[in-house]
Asker: 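Sharing a structure below in structure tokens format, with a few things to ask.
Both backbone and side-chain heavy atoms feed into the values below; hydrogens, waters and symmetry mates do not.
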Amino acid sequence: MTLIINNEDVERVLTMGTTIAALEESYLQLASQEGVCRPRIDIRIPTSDPAKNYQWGTMEGGSTSGYFAIRMKSDVVYETSYNGVRTQEKYCLRPGLFCGLILLTSIETGEPLAFINDGVLQHMRVGGDGGIGVKYMANEDASVVGMLGSGGMARTHMQAFTEVRKIRRLQIYSPTKENRERFGQEMAERYGIDVQVCDRPEDIYKGADIVAALTDSAVPVLDAARIEPGAHVLN
């Protein structure tokens, strides 16, 4: 029987530790040729609005572990300026709604096993990848995070960072004051860490062992000249 699994179901059972372990196992299977993966391909079609395009994107993969999956996304994409920052936005049906689905099948029988909403999964996957980078490449004593962005990706990356390192401080900036203050308070309460909510993006770099740009900006946001020697960078 094919299961229908929504975002709430995924959020109840999926932990960051499990996500990182699954990703590492998948990469080992790719290296040993027991797994295959096709990177995402996007198809864009102009809409009746000259400022917007329709975008259909898919990526897929599977392994000898027994499963194959394809992720499918249906979006309307456009760029906008906000607080002097150029960002790429997307939605399905209307702003604030999104359509991402994963079809999971059995490689032994071909049976469709599940349709899964990807809202939580894709944030956890990207955050988990960031955590793997920190696990193997950041200094062992890395404990201070400098972060640009305060959205969903920022949250899952903090989950991943705290999973692989003992984080004691977060320095956070995003263009909307209310968002960065809300995010800073949430992170302080969730992880019991010191949080500095910065009023300028340049303030996140000082003393940061891990520098992360987790934004939807359509242009580069990191200032390479401000990154301190030995810092691990995610962009």
Asker: Under the side-chain hydrogen bond (donor to acceptor under 3.5 Å, both in side chains) rule, what do Gln159 and Glu163 come out as? Steps first, then yes or no, please.
Answerer: CA-CA 6 Å; Gln159 281 183 263; Glu163 184 74 25; over 6 Å; no
Asker: Would a 4.5 Å heavy-atom cut-off, applied to side chains only, mark Asp216 and Gln88 as touching?
Answerer: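 Side chain of Asp216 against side chain of Gln88, heavy atoms only: no contact under 4.5 Å found.
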Asker: If only side-chain N and O atoms count, and only distance matters, is there a donor-acceptor pair under 3.5 Å linking Ser150 with Arg180?
Answerer: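 No - no donor-acceptor pair under 3.5 Å links their side chains.
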Asker: Checking side chain to side chain contact (heavy atoms under 4.5 Å, CB included) for the pair Ile193/Met158: CA distance, chi angles, key distance, verdict?
Answerer: CA-CA 11 Å; Ile193 60 176; Met158 280 302 294; 3.8 Å; yes
Asker: Is there a chain of hydrophobic side chains (I, L, V, M, F, W, Y, each step under 4.5 Å between heavy atoms) that links Leu104 to Leu3?
Answerer: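 As far as the 4.5 Å side-chain criterion goes, Leu3 and Leu104 are not connected within one cluster.
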Asker: Any chance you could lay out the side-chain hydrogen bond (donor to acceptor under 3.5 Å, both in side chains) test for Arg38 and Thr58, step after step, and finish with the verdict?
Answerer: CA-CA 9 Å; Arg38 175 180 64 79; Thr58 61; 2.8 Å; yes
Asker: Is any side-chain heavy atom of Phe183 closer than 4.5 Å to a side-chain heavy atom of Arg155?
Answerer: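 When only atoms from C-beta onward are counted, Arg155 and Phe183 do touch, with a gap below 4.5 Å.
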Asker: Less than 3.5 Å apart, any donor N or O on the side chain of Tyr191 or Glu186 sitting next to an acceptor on the other?
Answerer: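 The answer is no; no qualifying pair exists.
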Asker: For the pair Glu89 and Thr87, evaluate side-chain hydrogen bond (donor to acceptor under 3.5 Å, both in side chains) and give the outcome as yes or no after the intermediate values.
Answerer: CA-CA 6 Å; Glu89 306 292 340; Thr87 63; 2.7 Å; yes
Asker: Determine whether Leu222 and Leu234 fall in the same hydrophobic cluster, where Ile, Leu, Val, Met, Phe, Trp and Tyr are linked whenever their side-chain heavy atoms lie under 4.5 Å apart.
Answerer: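 They do not share one cluster, since no chain of ILVMFWY contacts under 4.5 Å joins Leu222 to Leu234.
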Asker: Considering all heavy atoms of both residues, which atom of Asn6 and which atom of Asn117 are nearest to each other, and what is their separation?
Answerer: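 Asn6 and Asn117 have their closest heavy atoms at CA-OD1, 3.3 Å.
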Asker: Do Leu23 and Leu214 share a hydrophobic cluster, counting only Ile, Leu, Val, Met, Phe, Trp and Tyr and linking them when any side-chain heavy atoms are less than 4.5 Å apart?
Answerer: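 Same cluster.
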Asker: Could you tell me whether the side chains of Gln29 and Ser63 share a donor-acceptor contact shorter than 3.5 Å?
Answerer: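 There is such a pair (donor and acceptor under 3.5 Å, judged by atom type) between the side chains of Gln29 and Ser63.
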Asker: Any chance you could measure Met124, atom CE, to His157, atom NE2, to the nearest 0.5 Å?
Answerer: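 Between Met124 CE and His157 NE2, I get 11.5 Å after rounding to 0.5 Å.
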Asker: Using a 4.5 Å cut-off on heavy atoms from C-beta on, say whether the side chain of Thr105 contacts that of Tyr67.
Answerer: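 Tyr67 does not reach Thr105 side chain to side chain.
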Asker: Using 4.0 Å as the upper bound for N to carboxylate O, is an ion pair formed by Asp141 and Arg165?
Answerer: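 Salt bridge: no.
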Asker: Going hydrophobic residue to hydrophobic residue with side-chain gaps under 4.5 angstrom, can you get from Ile5 over to Phe115?
Answerer: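 Different hydrophobic clusters.
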Asker: Assess whether side chain to side chain contact (heavy atoms under 4.5 Å, CB included) is satisfied between Tyr27 and Asp129, documenting all intermediate values.
Answerer: CA-CA 11 Å; Tyr27 296 142; Asp129 274 336; 2.5 Å; yes
Asker: A side-chain contact here means heavy atoms from C-beta on lying under 4.5 Å apart; do Arg86 and Ser81 qualify?
Answerer: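 Answer yes - side chains close enough.
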